[in-house]
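Below, read A as the first sequence line, B as the second, and so on, with proteins coming before strands; counting in each chain starts at 1.
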2 protein chains.
Amino acid sequence: MARQPIKPTDSELQILNVLWANGPQTVRQVNDDINSKLAPETKETGYTTTLKLMQIMADKGLVTRDTSQRTHIYKSDISESDTQQNLLETFVNTTFKGSAMSLVMQALGNHKASKEELDQIKQLINKLENQ
Amino acid sequence: MARQPIKPTDSELQILNVLWANGPQTVRQVNDDINSKLAPETKETGYTTTLKLMQIMADKGLVTRDTSQRTHIYKSDISESDTQQNLLETFVNTTFKGSAMSLVMQALGNHKASKEELDQIKQLINKLENQ
DNA sequence: GAATATATACGAATTGTTTCGTATTAAGCA
DNA sequence: TGCTTAATACGAAACAATTCGTATATATTC
């Protein structure tokens, strides 16, 4: 069953990343997690800010929550790879005029990949060639 | 000389893409170009909207303009590949938690690449390996 | 040279996202 | 039980991006 394009905002993605990494959680846990890894010069995110965002995300269907207890437990309702795939597509279209290949070339060329990483890619290419 | 991160918005990028593709142009030309390739169900962008955006971009230094004639000529003041590189980095950080490799793998895996494209990538990998 | 077409300038409305203050309610505890 | 702590709900402020209306000036044309 196809869904329409899932396009979380940056803040929403930040929250989803926490839920994907650590599983179902409370607003408090998500908020603490986000504030625990702040970039320097960055202001903390207030608790009610995170709460509000997660409520909105629940409305949009990005997350579901268990409200049987007073403290709600939120979990992501969309998969990480589906979301990445969607965002990737949008990004390729806007920034690389639809050319996934030129994105790959740029990413590869710029990133100092290790031997292991390059091997991994070669392996994937082999698999793609033998299809 | 390093610049600070160049991060045009989506609308700005749309305009930059026209300027990169077709060279220095008037607001009218850019606006027409954008409206000539509208996705279905998409509303046209008004002339003054594009004008305003390009004026803002001039303020920000994304474009420069020749105002010696009544009809101003705008040209991009930032390079396409630098901009792509910047946006790519931001995108990798937010959507792929900083892992350029996992982005490359996703992009490769999902995109149905032609033999030529795969060859091109293999060539690049070879070059990277011999460094 | 008057009417028309087309350009810029620019304030303000609109829309979307994020942040925050505060009310209310439930738990925990002295 | 009453006090403190911690949770949700929610309206609205603050910000940012985009869109638009309109004033004004300059060309163009008849």
Using whole Å, what does the distance between atom [atom2] of nucleotide [N] and atom [atom1] of [X] come to?
X	N	atom1	atom2	answer
Asn35(B)	dC20(D)	CG	P	11 Å
Lys7(A)	dG16(C)	NZ	P	13 Å
His72(B)	dA7(C)	NE2	C1'	8 Å
Leu62(B)	dA17(D)	CG	P	11 Å
Asp59(A)	dC10(D)	CG	C1'	11 Å
Asn31(A)	dT8(D)	CG	P	11 Å
Gln25(B)	dA7(C)	CD	P	14 Å

Check: Taking for each residue the nucleotide of DNA chain D bearing the nearest heavy atom, is the 5' side occupied by Arg28(A) or by Asp10(B)?
Finding: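 This one resolves to Arg28(A).
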Notebook entry, point to check: Going by the angle between their ring planes, with limits at 30° and 60°, are Phe96(B) and Phe91(B) parallel, tilted or perpendicular?
Noted result: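 Phe96(B) vs Phe91(B) ring planes: perpendicular.
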Strictly below 4.0 Å: does [X] bring a side-chain N or O up to OP1 or OP2 of [N]?
X	N	result
Thr48(B)	dA9(C)	no
Thr45(A)	dT18(C)	no
Lys43(A)	dT18(C)	no

Item checked: For Gly61(A) against Ile78(A), the heavy-atom pair lying closest together ->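 The answer is O-CG2, 4.4 Å.
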Check: Minimum heavy-atom separation for Gly109(A) to Leu124(B), with atom names?
Finding: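 For Gly109(A) versus Leu124(B), the nearest heavy atoms are N-CD2, 4.3 Å.
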Next item on the list: Can you sort out the partners of Ser102(B) under side-chain hydrogen bond (donor to acceptor under 3.5 Å, both in side chains), two or more places apart, ordered by chain and number?
Entry: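 Testing Ser102(B) for side-chain hydrogen bond (donor to acceptor under 3.5 Å, both in side chains), a comparison that skips the adjacent residues, returns Ser99(B).
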Checklist line | Listed once per pair and sorted, the salt bridge (Lys or Arg N to Asp or Glu O under 4.0 Å) pairs that draw on residues 88-111 of chain B, sequence neighbours left out | finding: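 Counting only pairs at least two positions apart or across chains, the salt bridge (Lys or Arg N to Asp or Glu O under 4.0 Å) contacts touching residues 88-111 of chain B are Glu80(A)-Lys97(B).
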Next item on the list: Output every pair passing salt bridge (Lys or Arg N to Asp or Glu O under 4.0 Å) with a member in residues 42-56 of chain A, not counting sequence neighbours, ordered by first then second residue.
Entry: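 Qualifying pairs: none.
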Check: Picking from dT18(D), dT8(D), dA9(C), which would you name as closest to the side chain of Arg65(B)?
Finding: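 My answer, after comparing the listed nucleotides, is dA9(C).
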Next item on the list: Taking only the side-chain heavy atoms of Tyr47(B) (C-beta and beyond), determine which of dA7(D), dA7(C), dA9(D) contains the nearest atom.
Entry: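 It is dA7(C).
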Checklist line | B/S/- contact track for nucleotides 25-30 of chain C, protein heavy atom under 4.0 Å | finding: BBS---
When rounded to the nearest 0.5 angstrom, what distance separates [atom1] in [X] from [atom2] in [Y]?
X	Y	atom1	atom2	answer
Ser114(A)	Leu128(B)	OG	CG	11.5 Å
Met54(A)	Thr49(A)	CE	OG1	13.0 Å
Asn93(B)	Leu13(A)	CG	CG	11.5 Å

Next item on the list: Answer with base, sugar-phosphate or nothing: what part of the nucleic acid does Thr71(B) contact at a heavy-atom distance below 4.0 Å?
Entry: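 The answer is sugar-phosphate, as Thr71(B) gets under 4.0 Å only of primed atoms, P, OP1 or OP2.
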Note to self: Under 4.0 Å, counting only non-hydrogen atoms across every strand here, what does Ser11(B) touch: a base, just sugar-phosphate, or nothing?
What the structure shows: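 Sugar-phosphate contact only.
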Note to self: Just to verify, what does Ser11(B) make a side-chain contact (heavy atoms from CB on, under 4.5 Å) with, not counting sequence neighbours?
What the structure shows: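 Partners of Ser11(B) by the side-chain contact (heavy atoms from CB on, under 4.5 Å) criterion, ordered by chain and then number, come out as Thr9(B), Leu53(B).
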Margin query: Please list, in numerical order, the residues of residues 49-58 of chain A that have a heavy atom closer than 4.0 Å to any atom of DNA chain C.
Written below: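 Listed by number, they are Thr49(A), Lys52(A), Leu53(A), Ile56(A).
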